[in-house]
Structures are given as structure tokens and as C-alpha cells.
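Proteins come first, then strands; the chains are lettered A, B, ... in the order of their sequence lines, and each starts at number 1. This one's a predicted model, so the numbers in the text were calculated from it and none came from an experiment.
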Protein chains: 2
Amino acid sequence: MERNTRQRAAILGAIQRAGRPLSPAELHTLARDEAPALGLATVYRNIKMLLLDGCIREVDLPGEAPRYEEAHLGHHHHFKCRVCDCVFDIADCKTDWHAFAPPGFVVDAHEITLFGTCPKCSGQAPLSSPPHSADGHSHG
Amino acid sequence: MERNTRQRAAILGAIQRAGRPLSPAELHTLARDEAPALGLATVYRNIKMLLLDGCIREVDLPGEAPRYEEAHLGHHHHFKCRVCDCVFDIADCKTDWHAFAPPGFVVDAHEITLFGTCPKCSGQAPLSSPPHSADGHSHG
DNA sequence: ATAGATGCAAAGAGTTTGCATAGGT
DNA sequence: ACCTATGCAAACTCTTTGCATCTAT
């Protein structure tokens, strides 16, 4: 990762502006605003480089393809809305997982994902856009 | 799912005998002991049928392809040992996830995976038979 | 000018589907 | 005998790789 190309800037910029984990396809779509001819292979290659470089981190939710978000966000977990499919960051937990695991198991990390309905989709927050536009819409 | 075929019995039997979540490929290999000509497509088709029928459940660990285990095991979570890649069942938790999520978010399910080292691999416990066998290597 | 980065297309890996036929009922 | 379920192979989707060209340094 030695050159600062238009494509790389577009990809990293998209991740930084999104405020939520993005899939390679979403990244491709979003980054094309700044780099129209951007190829999907370039997105994948840059994801790998940015991961190695520590700029971004992979977000693995159970049963879902990997998404990517800024690395500097610190430890946190995710909430996936079943209606709009958007993934939201939620705070780290304070649970003592060492105690939760059976005796003899040494816990060095944990992954937690909550599933449910986000405020927007449960009608508790002002709905400006239809709930079912899926992965594509922004949640500010 | 109306007929009790040799292939289906082999697939379901493999899941029941395994005592751990199996991938489609593992299932294919194991079920071939009873049904030698078994095709991979049949494994996938039966996985779907058995899921619909409620006989098996899908186990999704972050960053891993889906595995399948018996459905009657009840709600629990998983511990993945980084040394031997074993996946162990661990008890359900009592955490109040509704309180953990931000206001307005309705939580209907949660997934938890712990990562670390199992007793066997950390050499702390004289485990003659682990709670569950592993993924990569056979324990018997 | 150099060599890393890109775009395209083809190749892989995993999963699904179409179709003729075997086999459970 | 009927019709679901199967085996094979092709199709599909997602991701990676090869190669000629472009471009940041």
C-alpha cells in the first residue's frame, strides 16, 4: 500500500463516511461516486490492503458475509435490524465472560450480535424513507 | 419431506452421532459411510428440508460457514478454541440484552461466541473426554 | 522512468437448480 | 404405479487471480 490512488481514497472515504459496517458490494457502489470506473476486484484488493494496514477492521456477524468498518472505533458489538438489514454499533458489554465459560476455558475474546428491530423500523422514530430499502440507506 | 430414504437417514444420523455442529462438506463425508453414492446436492437439499422440518438447527459462528446440529439441544452458545478449532457448547446466558441495546431498539435474539483456549489445549485440566469433539481433528 | 495499482475477464470455491431416473410408499 | 428424492452437471454468486495498461511517485 504505497500509493494514494483515487480509488483507494474513495473506498476508505466511503467507509469513514458510512458510520456503519459496509459489505464489499456496498463499498463498490458508494465508492463509485468518487471513482466511477472502480472495479469490484479493486475493492476486494483494497479491503485486504487496508486490513493489513490496520485502517479498517472486519465485522463478522453470524450467518452474514463480512463487512468492514473503521479500525479506530474500539471494541464494540452490533445490532442487526431484521427489517431494514442495517447493522448498528452498540457499546461494549461489561459481562465477565471468563465466569460465563465453563471451568478450565480461557476466554480471550467474545463476539456478540443482537437481532431485532431498530427504532426507525419499529415506528418509534420519524420515518422519512420506507423501511424496506435494505442495506443501501443511511442512518445518519 | 415425505419419504424416509437411505440418504436422509444417513445425513440425519451423522448429525445425531456427531455431537457437534457439522458443515455440509463434513456431513457429506460422514453420511457416505452409510450411503456411498450420496451427492453433495442431496446433502444441501436435505439440510434445507431438515431445517424446515425442525429436525436440525443452523449454527452460525462469526466469519464461518454455517454448520448444523440437532434442533432439540435447546438455546445455547458456543466457545471456539483457537488452538484446536474445537467448537464447544456453552450454556445460555442470563444477561438482559434489552437493557444492553440503546433505547428504542427491540431485541428479539442474540448470538454469542467466545474465543479462547479450551481446557485440553491449555493443559489445565485432565480431560479424558471433551464436552464436544472438534472440527478439524477426530476425537473418537 | 519505475513499479505499484487498476480494470477486465477468467478462474475458483461454495451453493443451488434442471432434468432424467431410481426407489419409497 | 405414482411421484418424491436422488445423482449428475450446469448455473449462480461471491471472491480471487492473471495480465495488459495506467498512473502516482
Does [X] share a hydrophobic cluster with [Y], counting links as ILVMFWY side-chain heavy atoms below 4.5 Å and allowing steps through other members?
X: M49(B); Y: Y68(B); result: yes
X: V59(A); Y: L114(B); result: no
X: L51(A); Y: L73(A); result: no

Just how far, in rounded Å, is [atom2] of [N] from [atom1] of [X]?
X: M49(A); N: dT16(D); atom1: CE; atom2: P; answer: 12 Å
X: E26(A); N: dC14(D); atom1: CD; atom2: P; answer: 12 Å
X: N46(A); N: dT6(C); atom1: CG; atom2: C1'; answer: 9 Å
X: L38(B); N: dG7(D); atom1: CG; atom2: C1'; answer: 9 Å
X: R67(A); N: dC14(D); atom1: CZ; atom2: C1'; answer: 15 Å
X: L27(B); N: dG14(C); atom1: CG; atom2: C1'; answer: 15 Å
X: H28(B); N: dT6(D); atom1: NE2; atom2: C1'; answer: 12 Å
X: R32(A); N: dG7(C); atom1: CZ; atom2: P; answer: 9 Å

Exercise. What side-chain hydrogen bond (donor to acceptor under 3.5 Å, both in side chains) pairs are there with at least one residue in residues 50-62 of chain B, not counting sequence neighbours?
Worked result: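 Output for this query is empty, none listed.
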Problem set entry | Residue-phosphate contact under 4.0 Å: T42(A) side-chain N/O, dA5(C) OP1/OP2 |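 It does not, given that no N or O in the side chain of T42(A) lies less than 4.0 Å from OP1 or OP2 of dA5(C).
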Problem set entry | For E111(B), all residues meeting salt bridge (charged side-chain N to carboxylate O under 4.0 Å, His left out), sequence neighbours excluded | none
For this session: State which residues pass salt bridge (charged side-chain N to carboxylate O under 4.0 Å, His left out) with R82(B); sequence neighbours excluded, sorted by chain then number.
Result: D108(A)
Show me the protein contacts with nucleotides 17-21 of chain D, counting only N or O atoms at under 3.5 Å.
unit_1: dG18(D); atom_1: O6; unit_2: R45(A); atom_2: NH1; d: 3.2

For this session: State, without any angle test, whether H78(A) and E64(A) hold a side-chain donor-acceptor pair at a distance under 3.5 Å.
Result: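 E64(A) and H78(A) do not have a side-chain donor-acceptor pair below 3.5 Å.
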For this session: Mind running a 4.0 Å heavy-atom check of residues 2-14 of chain B against DNA chain D and sending the residues that fall below it, in number order?
Result: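 Residues of residues 2-14 of chain B under 4.0 Å from DNA chain D: E2(B), R3(B), T5(B), Q7(B), R8(B).
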Cut-off 3.5 Å, no hydrogens considered: what does the side-chain donor-acceptor table look like for residues 10-19 of chain B, sequence neighbours left out?
unit_1: R17(B); atom_1: NH2; unit_2: E34(B); atom_2: OE2; d: 2.4

Exercise. Hey, what do you get for CD (E26(A)) to CZ (R67(A)), rounding to the nearest 0.5 Å?
Worked result: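 Interatomic distance, E26(A) CD to R67(A) CZ, rounded to 0.5 Å: 6.0 Å.
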